[in-house]
**Student:** 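Before I ask anything, let me first share the structure, which is written out below as structure tokens.
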Amino acid sequence: MDRTFNYGTGHLSIGICLDIAAGKIKGVITATARANIERSHQEVAQIVERQIPVYGINTGFGPLCDTHISEEDTSLLQSNLLKSHSVGVGKPIPKEIAKLMLITKVQALAQGYSGIAPDTLDRIIWHINNDIIPVVPEKGSVGASGDLAPLAHLFLPLIGLGELEEKGKTKAAIDILKAHGLQPITLGPKEGLALINGTQFILSFAIKAVQRLHCALQLADIVGAMSLEGLMGSARPFDPRLHKIRPYKGNQLVAHRLFTLLDQSEILNAHANCDRVQDPYSLRCMPQVHGASRNAWLHLKELTEIELNSVTDNPIIFNADDTISGGNFHGQPLALPLDYATVAAAELGNIADRRCYLMSEGRYGLPKLLTTDAGLNSGLMIPQYTTAALVTENKTLCFPASADSVPTSLGQEDHVSMGSISGRKLNMVLDNLEYIQAIELLYAAQAMDFRRPLRSTPIIEACHNYVRQYVPFIKEDRVFADDIKQLHKLVTNGALLATVDEAAEKHNIKLDNDDEFGIY
């Protein structure tokens, strides 16, 4: 690993953050960042020594903010904070999300406004670099005074409590620390508060959602183009002139991709002069629908990158005589775009389901249910039931969590974002969307086979050939769940998108004409 990222002084992108989590990049603290961290740590020491009243350093928390804490108890206050706030429930979050939480927390603390001790940051980085990751329950954050409960669980191992996952096995944190010759650390003034104040739970779900939705958007155009070929639709609605006079960035990108994907297709050329005036919306309006979801994704990406490089704990330490107890920990800036992106992801599933239904109707020269022996065989009747079920489940998940607020902390925290729920719900919708896209791929590949011997374009043919390596043409009924499972792997493991990239490079085709829609 020869690539490094400088915590606290470098600009952290979504792609870099994911690469650190994957072990492709090593995060380090430079001398400049370490000096900033140490300076802030010493400012906190000054506050304690001079008995300057500052929230969370020598006062209680939340509604106890007026309670004075003696100098000798300031350290105990911080460890008690981690214990008392560890109230999460439910299944553990994915290990990758917990690791992203560690990475994004280091980036925030290393900027030198939080009073954290350098040794504490070094211990957190040890967990990242050795892939020894805390176990964090999925539920319990209201996304306002930071993601208090999940962050408290995330950092319990620092003081020898909680659980850690190492090499796929979960054990008590104290046992794993001892096995590596490490002792729990003693938190100094403000350190516990700096650790659990912040939006890193919301942020980490946002990072993963940006990556997953990006893949889903790329696939939506590919599979949509395959479906259009199977249905012998028209590429005219993707003419760049049309989208120049309604110039939404996402719409223009999708139109460009579709127009390029379908250029010089034998299938399209074979019906260029047919008497069909226009296609159904699920084909004709892909730039407008996929494009709108692209626009929502772009908004989420932009705000997620701002959050990645922000300081979100409280209070902020400028110096011993200049501290601000504000609200940088409030999750609303991410909660709203996460809810917006949830609708955007659901809409990709809605339009894909309509294309599946369209391919099963027996229109445009396709056999009913995409089988030549309907009756004895049900063909592709029932997979669309699954897409219908998943689409409806996604609709139920689209209610914006950020539209609700339940006051907490005896009214001190009287407006909360619920952004933690927004982030989790978006990823649940993406789970369903990936299955919907796998099923559309099943339909589209089958429909294209009925257009033989006509061929599509190099990229679409490469995708069709790759699918056929795993899922053969359907001649008679079989257990279609097995096909869906295979195609789901191609959707989620990046293999199909890699096939697209390889074909594009081989044939010198530029699909994406706007770098703004990348994650680096």
**Student:** Measuring from atom CD1 of I207 to atom CD of E96, what distance do you get when rounded to the nearest 0.5 angstrom?
**Tutor:** 9.5 Å

**Student:** How many angstroms lie between CD1 in I474 and CG in L442, if you round to the nearest 0.5 Å?
**Tutor:** 4.5 Å

**Student:** Quick check: are there more than 12 heavy atoms from other residues, nucleotides or ligands sitting under 6.0 Å from OH of Y364?
**Tutor:** yes

**Student:** Regarding Y520 and D19, do their side chains bring together a donor and an acceptor under 3.5 Å, going by distance alone?
**Tutor:** yes

**Student:** Sequence neighbours excluded, which residues qualify as side-chain contact (heavy atoms from CB on, under 4.5 Å) partners of E361?
**Tutor:** Y357, L358, R363

**Student:** May I ask you to check whether over 12 heavy atoms, not counting those of N508, lie within 6.0 Å of atom CG?
**Tutor:** no

**Student:** Quick one: do R354 and E347 make a salt bridge, cutoff under 4.0 Å?
**Tutor:** no

**Student:** So does G88 get a backbone contact from the side chain of H153, meaning a donor-acceptor N/O pair under 3.5 Å?
**Tutor:** yes

**Student:** Distance under 6.0 Å and angle within 45° of the ring axis: does R468 meet both against F473?
**Tutor:** no

**Student:** Is there a donor-acceptor pair closer than 3.5 Å between any side-chain N or O of D147 and the backbone N or O of F201?
**Tutor:** yes

**Student:** So, are D512 and R257 salt-bridged, with charged N and O less than 4.0 Å apart?
**Tutor:** yes

**Student:** Do Q252 side-chain atoms and P240 backbone N/O form a donor-acceptor pair below 3.5 Å?
**Tutor:** no

**Student:** Could you grab the distance from atom CZ of R451 to atom CG of L268, nearest 0.5 Å is fine?
**Tutor:** 11.0 Å

**Student:** Begin from the C-alpha positions of I97 and E138 and carry the test side chain to side chain contact (heavy atoms under 4.5 Å, CB included) through to its verdict.
**Tutor:** CA-CA 10 Å; I97 298 289; E138 64 179 348; over 6 Å; no

**Student:** If you draw a 6.0 Å radius around CZ in R241, do more than 12 non-hydrogen atoms from other residues or ligands fall strictly inside?
**Tutor:** no

**Student:** With a 4.5 Å limit on heavy-atom distance, are the side chains of Y470 and L487 in contact?
**Tutor:** no

**Student:** Could you check whether Q446 and D449, counting side-chain N and O atoms only, form a donor-acceptor pair closer than 3.5 Å?
**Tutor:** no

**Student:** Ignoring hydrogens and geometry beyond distance, is a side-chain donor-acceptor pair present between R212 and N427 at under 3.5 Å?
**Tutor:** yes

**Student:** Does either side chain, that of K208 or that of Q211, offer a donor lying less than 3.5 Å from an acceptor on the other one?
**Tutor:** yes

**Student:** Between H180 and N130, do the side chains contain an N or O donor and an N or O acceptor separated by less than 3.5 Å?
**Tutor:** no

**Student:** How many angstroms lie between atom CG of L380 and atom CD1 of I439, to the nearest 0.5 angstrom?
**Tutor:** 10.0 Å

**Student:** Could you check whether any side-chain N or O of T396 sits under 3.5 Å from a backbone N or O of E393, counting only pairs where one atom can act as donor and the other as acceptor?
**Tutor:** yes

**Student:** Taking 4.0 angstrom as the limit, do E440 and R355 come out as a salt bridge?
**Tutor:** yes

**Student:** Does E516, at its CD atom, have more than 12 non-hydrogen atoms belonging to other residues, nucleotides or ligands within less than 6.0 Å?
**Tutor:** yes

**Student:** Grab the two heavy atoms, one from P287 and one from V254, that are nearest each other, plus how far apart they are.
**Tutor:** CA-CG1, 3.6 Å

**Student:** Looking at side-chain heavy atoms only, is the closest gap between L308 and C17 below 4.5 Å?
**Tutor:** yes

**Student:** Using the ring of each side chain (for Trp, its six-membered ring), is H488 parallel, tilted or perpendicular to Y435, with breaks at 30° and 60°?
**Tutor:** parallel

**Student:** Going by heavy atoms in the side chains, are L228 and F238 under 4.5 Å from each other?
**Tutor:** yes

**Student:** Apply side chain to side chain contact (heavy atoms under 4.5 Å, CB included) to the pair M226 and L261, showing each step before the final yes or no.
**Tutor:** CA-CA 9 Å; M226 292 175 67; L261 281 166; over 6 Å; no

**Student:** Relative to each other, are the rings of F517 and W297 parallel, tilted or perpendicular (30° and 60° limits)?
**Tutor:** parallel

**Student:** Taking atom types as modelled, is there a side-chain donor on S456 or E266 under 3.5 Å from an acceptor on the other?
**Tutor:** no

**Student:** Between atom CG of L370 and atom CE of M448, what is the distance when rounded to the nearest 0.5 Å?
**Tutor:** 13.0 Å

**Student:** Should we say atom CZ of R236 is surrounded by more than 12 heavy atoms from elsewhere, each under 6.0 Å from it?
**Tutor:** no

**Student:** Just by distance, do the side chain of H330 and the backbone of Q332 share a donor-acceptor pair under 3.5 Å?
**Tutor:** yes

**Student:** Could you tell me if the side chain of P92 sits less than 4.5 Å from the side chain of V136, heavy atoms only?
**Tutor:** no

**Student:** Using the side chain to side chain contact (heavy atoms under 4.5 Å, CB included) rule, take L433 and L430 through it: C-alpha gap first, then chi angles, then the decisive distance, then the call.
**Tutor:** CA-CA 5 Å; L433 173 59; L430 289 167; 4.1 Å; yes

**Student:** With a 4.5 Å heavy-atom cut-off, do I222 and Q218 have their side chains touching?
**Tutor:** no

**Student:** Give a yes or no on whether D482 atom CG has more than 12 heavy-atom contacts from other residues, nucleotides or ligands under 6.0 Å away.
**Tutor:** yes

**Student:** Are side-chain heavy atoms of L253 and R294 found at a separation under 4.5 Å?
**Tutor:** yes

**Student:** Hey, which of T342, L348, V343, V429 is the one that makes side-chain contact (heavy atoms from CB on, under 4.5 Å) with N394?
**Tutor:** V429

**Student:** With a 4.0 Å cut-off, would you call D131 and K95 a salt bridge?
**Tutor:** yes

**Student:** What residue among T9, N309, N6 forms side-chain hydrogen bond (donor to acceptor under 3.5 Å, both in side chains) with Q107?
**Tutor:** N309

**Student:** Is a donor from one side chain sitting under 3.5 angstrom from an acceptor on the other, for T199 and E307?
**Tutor:** yes

**Student:** Between T499 and A495, is there a donor-acceptor pair closer than 3.5 Å when you use the side chain of the first and the backbone of the second?
**Tutor:** yes

**Student:** Does the side chain of D353 pick up a donor-acceptor pair with the side chain of Q384 at under 3.5 Å?
**Tutor:** yes

**Student:** Spell out, as yes or no, whether a donor-acceptor pair under 3.5 Å connects the side chain of K425 to the backbone of P400.
**Tutor:** no

**Student:** Among side-chain atoms of S422 and D339, is any donor-acceptor pair under 3.5 angstrom?
**Tutor:** yes

**Student:** Could you tell me whether the side chain of S141 and the main chain of P150 form a donor-acceptor pair under 3.5 Å?
**Tutor:** no

**Student:** I want to check something: taking the side chain as every heavy atom from C-beta on, are F5 and I20 in contact at a cut-off of under 4.5 Å?
**Tutor:** yes

**Student:** Any side-chain to backbone donor/acceptor pair from D477 onto G379? Under 3.5 Å, distance only.
**Tutor:** yes

**Student:** Below 4.5 Å, heavy atoms only, C-beta onward: do K368 and S360 meet side chain to side chain?
**Tutor:** no

**Student:** CG/L102 to CG/N129 distance, rounded to the nearest 0.5 angstrom?
**Tutor:** 10.5 Å

**Student:** Taking the side chain from T104 and the backbone from M101, do they hold a donor-acceptor pair closer than 3.5 Å?
**Tutor:** yes

